[in-house]
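First the structure, in the form of C-alpha cells, and then the observations on it.
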Amino acid sequence: MAHVDSIPYPWPFDADPDSMVGLDVARIALVVCGAQRRWLELSGTETALAGIGALARAVRSGGGVVAFLRHVVPVTASTRPGWSLPGIDDRDSVLDVTTLADDLVIDTPATSGFASGALDLALRAAGCDRLLLAGWASEVLVESTLRAANDRGYECLTVSDALVPFDSWTGERALSSITMSGGIFGAVGSTAAVLAALRVTAEEIVQ
Amino acid sequence: MTYGVVEADPYPWPCDGSFEPGRTALVCIDWQVDFCGPGGYVDAMGYDLGLTRAGLGPTARVLAAARAEGWMVVHTREGHRPDLSDCPPNKLWRSKRIGAGIGDAGPCGRILVRGEPGWEIVPEVAPIAGELLIDKPGKGSFYATDLDLLLRTGGITHLVFTGITTDVCVHTTMRDANDRGYECLLLSDCTGATDHDNYLAALKMVTMQGGVFGAVSSSEALLRVIA
C-alpha cells in the first residue's frame with residue numbers, strides 16, 4: 001500500500017493510490033513526545049510502548065528519523081499549585097527499550113516540541129516533511145506538538161494506539177478534533193495501519 | 001491600579017495573585033465571517049453556526065469592559081495571501097476535499113483569503129481604531145506573526161482569551177502563549193467549537209494537571225473583578 005489507511009483521509013494527503021512506488025520512508029519522522037519514565041504509570045502505556053517500538057523499527061529500517069522529545073517542566077507551570085511532581089527528575093532518561101544511538105533526543109521546556117527551534121531544524125535537515133505523532137500524553141505534549149507541526153506545513157498522522165492520554169474522554173475528543181473540517185490537524189490511524197504501509201514500502205525499496 | 005483574582009478553574013486566576021490593566025491583553029481569536037457568519041468557511045462545511053456564534057454576546061461585553069479599563073486589545077484573523085503562497089499544500093488539499101476550498105469563490109468572496117468579505121471580523125466584536133490586528137496563516141497566532149513581539153514590547157504578561165474555535169485556533173494560541181510564559185485565562189462563555197463535546201473537552205484540557213495551559217472562568221467572574 002502506498003498510503004496509510006487512516007481517517008478522515010488516506011495519509012499522506014499527496015499519496016498516489018495508483019502508484020506502484022510506495023511511501024518514501026526517508027521523508028518520515030516518528031516523533032515520540034514525553035518519552036520519559038515519569039509518565040509510565042499512565043494507563044495504556046504498555047500498548048503504546050509496543051506500538052512505538054514497532055513503529056520505530058519500521059521507520060529506522062526504511063531510512064526515516066525517530067525523534068524523542070523530553071519535556072522539562074515549563075517555568076510558568078512550575079509556579080502553579082498541583083504541577084510539580086516531587087522526587088521525579090524531569091530530565092530523566094528516554095525509555096531505553098526504544099532508543100537507539102542514531103535517534104534524535106530533544107529537550108523542550110514547553111508543551112510543544114517546536115517551542116525551541118531544535119526539532120524543526122533537525123527535521124528539515126533530515127528531509128522529513130511527514131510526521132508520525134505518538135507518546136505521552138495525547139492531550140498535552142502530543143497535541144501541542146502536532147498543532148505546531150501542522151502550522152509549519154508538516155503532513156501529520158497521529159497514531160491512535162501509540163498514544164497515552166491523561167484522561168480517556170479528553171484523549172478521545174483530542175483525536176476527534178484532529179479529524180474535524182476534513183482533517184484540520186492531519187489524519188489519525190492505527191499502528192497496524194502504519195506498519196502495513198511501511199512494510200510494503202520497505203519491500204518495494206529492496207526490489 | 002491592580003485587580004484581585006478571578007474565580008476560575010482549577011485555580012483563582014492569575015497564579016501570581018493579581019493583574020494590572022497595563023499588563024493585560026484581551027485576545028479575540030478569529031471572530032471572522034468565515035468562522036461564524038452565514039456563507040463563510042464553517043458554514044460552507046455544513047457545521048452549526050449557532051455553536052460558533054454562541055460567544056459573541058458575552059465577548060462584546062468583555063470587549064467593552066476591557067476598552068473602558070484601557071487594556072491592550074488584540075484581534076486575530078486567519079487568512080492567506082491572495083496567491084495562496086503562504087498556504088501549505090496539505091491545508092489547501094484538505095479544504096478542497098471537503099468542498100470548501102481555500103481560495104475558492106463562495107458567498108462571502110474567496111474562502112480564507114485576506115481582504116475578502118468572509119475574512120473580516122463580524123460587526124458584533126469588530127476592532128476599533130488603535131487595537132492590534134494580527135493576520136496569521138495558521139491556527140496558532142504566534143507562528144509567522146509579530147504577536148509575541150507586540151505583547152512583550154507592550155509589557156504584557158497576562159492574557160485573557162475569547163474566540164473561535166475553542167479546540168482549534170483558541171487552543172493552539174493559548175498553548176503557545178502558555179509555553180512562552182504568559183499567564184492565560186480562557187473565558188468559557190466567550191468561545192465555541194464546531195462540535196460541542198470538543199468544546200467541553202478543550203475547556204477541560206486547560207484545567208488538567210493543576211492548569212497545564214492556565215485557567216478557565218466565565219466572563220461574569222472576570223467582569224466582577226474588573227468592571
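Chain letters run A, B, ... following the sequence lines, proteins first, then strands; residues in each count from 1. Atom set for the values below is all heavy atoms of this structure, side chains included, hydrogens, waters and symmetry mates excluded. A quick note: this is a predicted structure, and the numbers were derived from the prediction, not measured.
- Heavy-atom proximity under 4.5 angstrom to chain A picks out nothing from residues 16-28 of chain B.
- Chain B forms the most heavy-atom pairs under 4.5 Å with one residue out of F114(A), Y9(A), F185(A), and that residue is Y9(A).
- V212(B) is not listed as a side-chain neighbour of F166(A), based on a closest heavy-atom distance of 4.5 Å or more.
- Taking chain B as the reference chain and counting heavy-atom pairs below 4.5 Å, the highest number among S181(A), G153(A), G183(A) is found for S181(A).
- Between the side chain of R175(B) and the main chain of V140(A), a donor-acceptor pair closer than 3.5 Å is present.
- Taken from OG in S144(A) to CG in N178(B), the straight-line distance is 8.5 Å, to the nearest 0.5 Å.
- Put simply, of A137(A), P8(A), P12(A), the one with the most heavy-atom pairs under 4.5 Å next to chain B is P8(A).
- Taking non-hydrogen atoms and a 4.5 Å limit, the residue list of residues 136-154 of chain B in contact with chain A, ordered by number, reads G138(B), K139(B), G140(B), Y143(B).
- Heavy-atom pairs under 4.5 Å with chain B were tallied for G186(A), A115(A), G171(A), A174(A); the largest tally goes to G186(A).
- Every residue two or more places apart in sequence or in another chain was checked for a salt bridge (Lys or Arg N to Asp or Glu O under 4.0 Å) with E139(A), and none qualifies.
- Heavy-atom proximity under 4.5 angstrom to chain A picks out N198(B), L200(B), A201(B), K204(B), M205(B) from residues 198-206 of chain B.
- With a threshold of 4.5 angstrom between heavy atoms, Y154(A) approaches chain B through N, CA, C or O but not through any side-chain atom.
- The two residues D195(B) and R173(A) come nearest to each other via the heavy atoms OD1-NH2, 3.2 Å.
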* To do: Before giving the answer on salt bridge (Lys or Arg N to Asp or Glu O under 4.0 Å), spell out for R147(A) and D176(B) the whole-Å C-alpha distance, their side-chain angles and the decisive distance to 0.1 Å.
  => CA-CA 10 Å; R147(A) 290 160 183 269; D176(B) 216 343; over 6 Å; no
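- I184(A) contributes atom CD1, which lies 6.0 Å from atom CE of M45(B) (distance to the nearest 0.5 angstrom).
- For R81(B), the CZ atom sits in a loose shell: 12 or fewer heavy atoms of surrounding residues, nucleotides or ligands are nearer than 6.0 Å.
- Rounding to the nearest 0.5 Å gives a distance of 8.5 Å between CE of M180(A) and OG1 of T165(B).
- When heavy atoms are compared at a cutoff of 4.5 Å, E143(A) approaches chain B by way of both its backbone and its side chain.
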